[in-house]
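Report on the structure given below.
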2 protein chains.
Amino acid sequence: MMNETIGLLKQHRSIRKFTKDPVTAEQLDAILTAAQQASTSSNMQAYSVIGITDKELRSELAKLAGNQAYIEESSVFLVWCADLYRWEQAAKRHYDEEILSTTENFIIGTVDAALAAQNAAVAAESLGLGIVYIGGIRNQPEQISELLELPQHVYPVFGMCIGVPDQSPLDRPRLPRSAVYYENSYNTSTIDSNIDAYDETMSNYMRARSNGKAGTTWSEAMAAKAGPVRMHMRSFLQKQGFELE
Amino acid sequence: MMNETIGLLKQHRSIRKFTKDPVTAEQLDAILTAAQQASTSSNMQAYSVIGITDKELRSELAKLAGNQAYIEESSVFLVWCADLYRWEQAAKRHYDEEILSTTENFIIGTVDAALAAQNAAVAAESLGLGIVYIGGIRNQPEQISELLELPQHVYPVFGMCIGVPDQSPLDRPRLPRSAVYYENSYNTSTIDSNIDAYDETMSNYMRARSNGKAGTTWSEAMAAKAGPVRMHMRSFLQKQGFELE
């Protein structure tokens, strides 16, 4: 069950090293067109994209997002935002009461941004380009929102580097299918054995990738993420006007 | 700047009428493989998918999600969940302190579910199938979570119907590029004129679709969404253990 597109999706790897070759204006246009065609909740299109073309601004963002070299070096850097501001400006034309800033709309904006971004990622890869999502954009979202002059009810969900790949990383194995897909009801009883199996898979993969030096299991890697991370997100969102009512 | 995949992405329309032809097991397997290959935050894979194969359960879900016929009629119906439960089970093996339920992890789960789902959507469409996202899954999420036996820290973000299309809807125009894409900083000053332009576009489109009967503008349609909608989401999420710290 294979075709060109499914082959492409299966081949996805995050790219963190890019050549100096540019993404052309025509390529970026095709990528953004694909993004705009993604599904969106009730046609709200509750997202915006900021392309960072200014060199100094890119440098500042890279520092704020964790100082990874590829954020500065990729030809294109996009900041994907959940955006309820534009929708509100439209709705206000015909709605006189206060528009609430709800958890529901926060989810809609976050999902709309992600669906559009994933279409952009697929389009970019279909053109032979590589991409990586940058969650580090949420490291210091308040400063980033100020730099990008984001209005209330807009927040940066993640960044995305796009460029010509200068590496071809190994395929990273995923969880067993039975760990992520269930029929009719969630089944907690198989989780432990699936984690065992995936721990072994990932340990072997990490060992292969490091020439035998490190064999971190998945659960070890996940434990390293279990401490308090980005605890500012809630108060940041409130400052951006997301009251999550 | 066109290839098979970009052509496919540009062609996307939500499908709400399906033939009785089945999605085959091989097709579903290819769709789920594509989903699993999507980017995921730090390899957390913080999502799960529930395929609803039980006829009665499907019927119940359809009622809870807004009673749209296509939820019962589509060959495949998937419920995409943000899932921090599995990740916690893994992390706990090597982390002794309390694992906080943060806003950050809520965002990660929601985004991971959306990225995987969008890959599934693209894969399905590449096989000639049609899809529609079902936000109505959040109409009565508490009942749905009970029916699907979702553990704490798992919530249904949206559903997805997949099947053989039995309609070919018109291409729905999107906002002007300049309304969703900015360079270097958000620009609120162009929003009004972009809404004007899109109101006209959508009004013409709606008139064409209804043979001249209705010409609702975008801002009118958006105003219809401005009242309190799904105000239960926050308390539902708290019941599911999402404390959004």
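Side chains are part of it too, since the values below use all heavy atoms of this structure and drop only hydrogens, waters and symmetry mates. Lettering follows sequence order; numbering is per chain, from 1.
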Using heavy-atom distances under 4.5 Å, tell me whether Leu147(A) contacts chain B through its side chain, its backbone, both, or neither.
backbone
To the nearest 0.5 Å, what is the distance between CE (Met222(A)) and CH2 (Trp87(B))?
8.5 Å
Using non-hydrogen atoms only, which part of Phe236(A) is less than 4.5 Å away from chain B: side chain, backbone, both, or neither?
neither
Closest contact, heavy atoms only, Ala91(A) versus Ala226(B)
CB-CB, 4.0 Å
Minimum-distance pair of heavy atoms, taken over all atoms of Leu9(A) and Ala34(B)
CD1-CB, 3.8 Å
Okay, Arg58(A) and chain B: the region with an atom under 4.5 Å from a heavy atom over there is neither
Check whether Ala38(A) gets within reach of chain B through its side chain, its backbone, both or neither, counting any heavy atom under 4.5 Å.
both
Chain B heavy atoms under 4.5 Å from Thr102(A): which part of the residue, side chain, backbone, both or neither?
side chain
Can you give me the closest heavy-atom contact between Thr33(B) and Arg177(A), atom names plus distance?
OG1-NH2, 2.9 Å
Are the side chain of Gln36(A) and the backbone N or O of Leu175(B) linked by a donor-acceptor pair below 3.5 Å?
yes
Interface moiety of Asn194(A) toward chain B, non-hydrogen atoms closer than 4.5 Å:
neither
Side-chain donor or acceptor of Arg234(B) paired with backbone N/O of Thr103(A) under 3.5 Å
no
Region of Ser235(A) that comes under 4.5 Å of a non-hydrogen atom in chain B
neither
Looking at Met44(B), is its backbone amide N or carbonyl O close enough to the side chain of Trp218(A) to form a donor-acceptor pair, meaning the two atoms are under 3.5 Å apart?
no
Heavy-atom distances under 4.5 Å only: say whether Pro141(A) touches chain B with side chain, backbone, both or neither.
neither
Okay, Asn187(A) and chain B: the region with an atom under 4.5 Å from a heavy atom over there is neither
Atom group of Val79(A) that falls short of 4.5 Å from chain B, counting heavy atoms
neither
The interface call for Val157(A) against chain B, heavy-atom contacts under 4.5 Å, is side chain
Quick one: CD1 on Ile50(B) to CG on Asn184(A), what's the gap to the nearest 0.5 Å?
9.0 Å
With side chains defined as the heavy atoms from C-beta onward, is the minimum distance between Asp83(B) and Tyr186(A) less than 4.5 Å?
yes
Could you measure the distance from the NE2 atom of His12(B) to the CG atom of Leu115(A)? Nearest 0.5 Å is fine.
9.0 Å
Less than 3.5 Å apart, any donor N or O on the side chain of Tyr198(A) or Gln45(B) sitting next to an acceptor on the other?
yes
Arg138(B) with Glu104(A): basic N within carboxylate O range, under 4.0 Å
yes
Is Asp192(A) salt-bridged to Arg86(B), cutoff N-O under 4.0 Å?
no
Under 3.5 Å, is there a donor-acceptor pair between the Thr5(A) and Thr5(B) side chains?
yes
